[in-house]
Peer 1: 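Structure incoming, see below.
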Amino acid sequence: MEHLLSIENLSVSFDTKDGIVHAVRDVSLQINRGETLAIVGESGCGKSVFCRSVLKMLPENADIRGKILTKIHEKEQDIIRLSEREMCKIRGTNFGMVFQDPMAALNPVIPIGKQIIEAIRLHQKISKKEAEKKAIELLELVGIDNPQTRIHQQPHFFSGGMRQRCVLAIALALSPQILFADEPTTALDVTVQARLFDLLKDIQKKTGIAIIIVTHDLSVAARIADRVAIMYAGKIVETGTAEEIFYQAKHPYTWGLLGALPSLALKTGELKAIQGMPPSLINPPQGDAFAVRNEYALAIDYTTPPPVFSLSETHKAATWLLDKRAPHIPAPYYAQKNPL
């Protein structure tokens with residue numbers, strides 16, 4: 001399968017007044033053409049920083065190390081080595097981005113159509129009339145009714161869900177290879193979320209675009225993802241197909257996320273929260289970062305970070321419980337049966 005993006009040993013840190021924050025730590029991932037990868041974890045685990053580092057949309061105090069490889073004009077290049085001018089040329093063409101809050105991504109006083117046209121003409125030498133025709137087609141693609149009229153309206157004429165569709169239209173304006181969606185349904189109600197997910201899958205079928213969706217909600221991943229990467233304290237602790245993560249999860253943190261699903265609480269009458277808080281990434285723990293919150297932690301978890309164990313060609317997890325010397329601890333019942 002063709003890799004559109006290969007990330008090797010990516011680490012991102014920030015030099016702050018309180019110390020060096022190690023936001024992303026030694027992450028390796030691949031994204032393939034036409035697939036959807038969900039990156040799941042609690043707030044502050046490095047998910048958004050990971051996405052922004054691929055787009056090189058980080059503040060000046062950021063230090064990025066490792067490799068971010070993608071094909072640009074049929075030639076594989078390392079994004080980390082590209083200048084800002086070079087990055088401006090591939091943002092939009094190689095990568096599109098949908099942010100959490102559509103109102104923060106849209107100019108409130110400029111008509112939606114003009115914002116889409118600007119994104120198109122910035123990269124393509126076409127007439128204003130041609131760009132307007134494409135903008136109307138994009139609004140139609142993302143499910144905006146009567147796009148010929150709506151194209152002339154400002155964002156405040158649209159509902160929250162429709163604004164997010166407009167942001168999606170801008171992100172798709174230059175037919176990117178990969179679409180990054182950072183918590184795209186945070187401010188939307190459940191029914192609007194469902195329609196947005198259906199829209200993303202429909203667009204993916206039509207265009208073959210790959211999608212990387214960032215979320216703290218495993219139920220979102222279950223609805224849309226082909227593969228899932230579980231992120232904790234800046235590291236990927238488990239990756240696998242959606243089926244492997246929901247039926248065969250091996251990392252205690254993944255078990256905790258499954259146990260905290262509201263749908264499970266409806267069945268059992270109890271919401272099982274993960275006790276404690278993620279650690280400070282200014283001074284990350286010496287061993288497994290999840291050890292102090294892990295009821296199944298072994299002595300070695302407090303001193304030595306676990307290696308990544310391969311369970312199948314697609315399923316990997318970083319936990320000492322998979323070491324052949326570890327005691328056998330069966331997964332909780334909700335990690336063996338889909339709790340959704």
Side-chain angles (χ1 to χ4, degrees), residues 36 38 43 47-48 51-52 55 57 88 91-93 95-124 126-207 209-217 219-221 223-225:
T36 300
S43 297
K47 308 183 302 296
S48 295
C51 287
R52 288 175 177 268
L55 297 165
M57 296 177 65
C88 285
R91 291 192 196 111
T93 54
F95 308 126
M97 182 77 178
V98 177
F99 296 97
Q100 289 186 36
D101 182 2
M103 280 308 290
L106 295 170
N107 190 316
V109 299
I110 297 178
I112 289 295
K114 190 173 182 180
Q115 297 188 53
I116 301 173
I117 291 168
E118 181 182 19
I120 296 170
R121 298 192 72 196
L122 191 64
H123 292 268
Q124 297 178 357
I126 60 175
S127 68
K128 187 176 179 180
K129 187 175 181 179
E130 289 176 307
E132 183 173 323
K133 180 182 177 182
K134 187 170 182 179
I136 291 171
E137 290 173 353
L138 284 164
L139 287 178
E140 191 171 10
L141 176 67
V142 299
I144 299 293
D145 294 330
N146 195 15
Q148 292 86 354
T149 300
R150 302 292 256 168
I151 197 173
H152 302 294
Q153 296 178 334
Q154 286 86 2
H156 63 265
F157 285 96
F158 295 80
S159 66
M162 293 174 72
R163 289 172 192 160
Q164 195 63 292
R165 287 171 183 252
C166 293
V167 172
L168 180 58
I170 295 173
L172 296 172
L174 299 171
S175 303
Q177 295 179 334
I178 303 174
L179 177 70
F180 290 86
D182 186 2
E183 302 276 10
T185 60
T186 297
L188 307 179
D189 62 52
V190 176
T191 55
V192 176
Q193 285 183 26
R195 288 199 294 269
L196 184 62
F197 293 143
D198 290 341
L199 173 64
L200 285 172
K201 295 305 286 185
D202 184 53
I203 290 172
Q204 189 174 52
K205 287 179 183 177
K206 292 177 180 177
T207 64
I209 194 172
I211 299 173
I212 298 178
I213 187 164
V214 168
T215 180
H216 61 271
D217 188 349
S219 60
V220 169
R223 183 176 181 88
I224 194 171

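If you read the sequence from its start, that first residue is 1, and numbering goes on from there. Quick note: numbers below take in every heavy atom, side chains included, and nothing from hydrogens, waters or symmetry partners. All of these numbers come straight from a predicted model, not from anything done at the bench.
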Peer 1: Determine whether P111 and Q154 make a side-chain contact, defined as any pair of heavy atoms from C-beta on separated by less than 4.5 Å.
Peer 2: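 P111 vs Q154: side chains touch.
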
Peer 1: If the test is side chain to side chain contact (heavy atoms under 4.5 Å, CB included), which one of T207, T36, V98 qualifies with L179?
Peer 2: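 It is V98, the one option of T207, T36, V98 that forms the side chain to side chain contact (heavy atoms under 4.5 Å, CB included) with L179.
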
Peer 1: Taking the side chain as every heavy atom from C-beta outward, state whether I211 and I203 have any atom pair closer than 4.5 Å.
Peer 2: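 No, too far: nothing below the 4.5 Å cut-off.
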
Peer 1: Looking only at heavy atoms, what is the nearest atom pair of R91 and M57, with distance?
Peer 2: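 Taking R91 first and M57 second, the nearest heavy atoms are NE-CG, 3.8 Å.
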
Peer 1: Among I178, L200, L172, find the one that has a side chain to side chain contact (heavy atoms under 4.5 Å, CB included) with I209.
Peer 2: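 For I209, the side chain to side chain contact (heavy atoms under 4.5 Å, CB included) check succeeds only for L172.
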
Peer 1: Would you compute the distance between atom CG of L139 and atom CD1 of I116 and round it to the nearest 0.5 angstrom?
Peer 2: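 Answer rounded to 0.5 Å: 4.0 Å.
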
Peer 1: Which distance, rounded to the nearest 0.5 Å, do you find between the CZ of F157 and the CZ of R163?
Peer 2: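 CZ of R163 is found 11.5 Å from CZ of F157.
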
Peer 1: For the CD atom of Q148 and the CD1 atom of I136, what is their distance to the nearest 0.5 Å?
Peer 2: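 One gets 5.0 Å once the value is rounded to the nearest 0.5 Å.
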
Peer 1: Could you tell me whether D145 atom CG has more than 12 heavy atoms of other residues or ligands within 6.0 Å of it?
Peer 2: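 Incorrect, the count does not exceed 12.
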
Peer 1: So Q115 and P155, do their side chains get closer than 4.5 Å, heavy atoms only?
Peer 2: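 Contact flag for P155/Q115 side chains = yes.
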
Peer 1: Do you know the tightest heavy-atom contact between F99 and V167?
Peer 2: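 That would be N-CG1, 4.5 Å.
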
Peer 1: Donor-acceptor pair, distance only, cut-off 3.5 Å: does the side chain of Q124 make one with the backbone of L174?
Peer 2: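 Looks like no, no N/O pair under 3.5 Å.
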
Peer 1: Is there a side-chain contact between I144 and F158 in this structure, where contact means two heavy atoms from C-beta onward sitting under 4.5 Å apart?
Peer 2: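 Yes, their side chains come closer than 4.5 Å.
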
Peer 1: How long is the gap from OG on S127 to CD on E132, to the nearest 0.5 Å?
Peer 2: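 It is 9.5 Å, given to the nearest 0.5 Å.
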
Peer 1: Using a 3.5 Å distance criterion without hydrogens, assess whether the side chain of K134 forms a donor-acceptor pair with backbone atoms of A173.
Peer 2: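 Yes, because the side chain of K134 sits within donor-acceptor range (under 3.5 Å) of the backbone of A173.
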
Peer 1: Hey, what do you get for CZ (R165) to CG (L138), rounding to the nearest 0.5 Å?
Peer 2: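 One gets 14.0 Å once the value is rounded to the nearest 0.5 Å.
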
Peer 1: I112 versus R150: any side-chain heavy-atom pair under 4.5 Å?
Peer 2: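 When only atoms from C-beta onward are counted, R150 and I112 do not touch, as no gap falls below 4.5 Å.
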
Peer 1: Please determine if R223 and D198 form a salt bridge, counting it only when a charged side-chain N lies under 4.0 Å from a carboxylate O.
Peer 2: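 A salt bridge is present here (some side-chain N lies under 4.0 Å from a carboxylate O).
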
Peer 1: Counting only heavy atoms not in Q204, do more than 12 fall under 6.0 Å of its CD?
Peer 2: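 Enclosed.
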
Peer 1: I need the M97 CE to I212 CD1 distance, nearest 0.5 Å.
Peer 2: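 Reported value, rounded in 0.5 Å steps: 10.0 Å.
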
Peer 1: Which pair of heavy atoms, one from P176 and one from G92, lies closest together, and at what distance?
Peer 2: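 Minimum heavy-atom separation between P176 and G92: CB-O, 3.5 Å.
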
Peer 1: Inspect the surroundings of NZ in K133 and state if more than 12 heavy atoms from other residues, nucleotides or ligands are less than 6.0 Å away.
Peer 2: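 At most 12 heavy atoms, drawn from other residues, nucleotides or ligands, come within 6.0 Å of this atom.
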
Peer 1: Does K114 NZ have over 12 foreign heavy atoms under 6.0 Å away?
Peer 2: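 No - once you tally the heavy atoms of other residues, nucleotides and ligands closer than 6.0 Å, there are 12 at most.
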
Peer 1: Less than 3.5 Å apart, any donor N or O on the side chain of D217 or S219 sitting next to an acceptor on the other?
Peer 2: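 Short answer, yes.
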
Peer 1: Step by step, would you call C51 with V214 a side-chain contact (heavy atoms from CB on, under 4.5 Å)?
Peer 2: CA-CA 8 Å; C51 287; V214 168; 3.2 Å; yes

Peer 1: For side-chain contact (heavy atoms from CB on, under 4.5 Å), just list the numbers for L141 and K206, CA-CA rounded to whole Å, side-chain angles, deciding distance to a tenth of an Å, and then say yes or no.
Peer 2: CA-CA 10 Å; L141 176 67; K206 292 177 180 177; 4.0 Å; yes

